[in-house]
Amino acid sequence: MRPKTVAVVGAAETTRLGRIPDMSAIGLHADAALNALADCGLTPSDIDGVATAGESPIEIARYLGITPTWADSTSVGGCSFMLHVRHAAAAINEGLCSTVLITHGESGHSRIGARRGAPSPSSLQGQFEAPYGVTGPPTAFTIPALRYLKTHKLSVEDLAWVSVIQREWAAKNPRASMKDPITVADVLAAPMIAWPFTRLMCCLVTDGGGALVLTSAERARDFPRPPVYVLGTGESVETPWISQMLDFNYSTAFRVSGAKAFAEAGISHADVDHLMIYDAFAHLPLYGLEDLGFCEPGEAAGFIRERNTAPGGKLPLNTNGGGLSYMHSGMYGMYALQESVRQMRGLAPAQVPGAKISVCHGVGGMFAAAGTIIFSNEAP
Amino acid sequence: MDRVLPAPTPETRHFWDGCKAGELRLQRCADCAESYFPPRPFCPVCGSRQVEVYRASGKARLYSYIINHRPRPDMGAAPHAIAVVELAEGPRMMTNIVGCPQTPEALVLDMPLEVTFQDHGEIALPVFQPVNG
């Protein structure tokens, strides 16, 4: 896409986050959507483009009373919303629609109206992964980590530091689920989930949602809040089977998506003021920092331990507390986008002073897909 | 609880028939000689449909793993490894490691492994054990 031709004009999360046993998944979509529409002073009848994952955009459109001229059901896991932003920008630029609503809602903890099915035993995952006891992300997304640690002569403590420093950010955020300080010893002593991952190296499982409204940069100036421009975008997919990831030391999808977004944006890494990297598990920020080009292979753990990504550091990372401490409903990408937008609006609880460029990187499935959005609050 | 088992498809039948017969069968491309997995009737590197099934050595090394402390009910109650091994022929596959303790001390990355087959009636699952273990 061409930089700064499209902007986010509305953004909001669900009214509540965490445990919401009185709302279904589609109800969370709608709550977030209505909050995002209120944020930009629109009503459902102003929307002519709908994108979502988890639910069908058909269902979301009808539920909210929208008759769109464009719909996107891209569903590649937790980074689907990054891809929706990218596709929406292309659709708006091409004139397929003018005002896009992207919604997410997930009853991840309470499982009210939630969808989930085991893979069919005749699918390739059902044949070649499920028989060995995989139960979902904690037992599959985590498998590459030991290889990565060995390649770079790192230890389990290096994973624990990721959780410790993100908790420092969460402590600044009133909406974060987990705010109490933790130490490396606390992380290592937490209940073992899938060695080497303890519970504190795994994301939360909570309920919530979020929504974004995008339109052309030209129109964006007429909305109540300052526009957050889309500066660059990237996406890629790699493999639905963790065992067939091309190399356990890096994510090819991350590298392709990140490089594309930086090229579109026309920026260098030194220009980046704020960074979000989807952290379903503690190893993901390590892969993300390296595969997006902020660190050389093997250097991300030291970069984090030396507090470069911590409060006061030169590259604030996952400033909402991340999936590890803020919230994680299942498809966390929407919350990473929300935090980037808050930072660009200057409204984040742990605001990075003067931040002008935010990179927001999502993973989908288990290293299956990636999406990268680069935002700017500076007018074209 | 019954063990979660695969349901072979026409494209994968040769693999599961091989396991039942005590053979680990891979495919390779007649044009570019690349071995690949999981099974499919074309080469994922060059796209050629000229592929053949062959009996692999069954030798592998431990590439990476986790030890699941909350096992799925059909896997028993004790923590167990879910591993990815790199076959001597190049492809990697998910599996379980048998014939050794399911501990970080016993499961050392790059340790040599060999295939063995676990009988589950219609299906035999390929799993790996330490060589000389």
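Convention: sequence-line order gives letters A, B, ...; per-chain numbering from 1.
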Proximity breakdown for [X] and chain A, heavy-atom pairs closer than 4.5 Å:
X: B:Leu5; answer: backbone
X: B:Phe37; answer: both
X: B:Arg70; answer: both
X: B:Val127; answer: side chain
X: B:Leu62; answer: backbone
X: B:Pro79; answer: neither

**Request:** Look at B:Asp110 together with A:Arg147 and state whether they make a salt bridge at an N to O cut-off of under 4.0 Å.
**Result:** yes
**Prompt:** When heavy-atom pairs shorter than 4.5 Å are enumerated against chain B, which of A:Pro138, A:Ser122, A:Pro131 gives the highest number?
**Reply:** A:Pro131
**Request:** Please determine, by modelled atom types, if A:Glu106 and A:Ser329 share a side-chain donor-acceptor pair under 3.5 angstrom.
**Result:** yes
**Item:** Per-residue contact mode, A:Ile193 against chain B (heavy atom under 4.5 angstrom)
**Value:** both
**Asked** Would B:Arg25 and B:Asp17 count as a side chain to side chain contact (heavy atoms under 4.5 Å, CB included) if you check the C-alpha gap in whole Å, the side-chain angles of each, and the deciding distance to 0.1 Å?
**Response** CA-CA 9 Å; B:Arg25 293 178 185 166; B:Asp17 285 349; 4.0 Å; yes
**Request:** Please work out whether the ring planes of A:Tyr148 and A:His152 are parallel, tilted or perpendicular, with thresholds of 30° and 60°.
**Result:** perpendicular
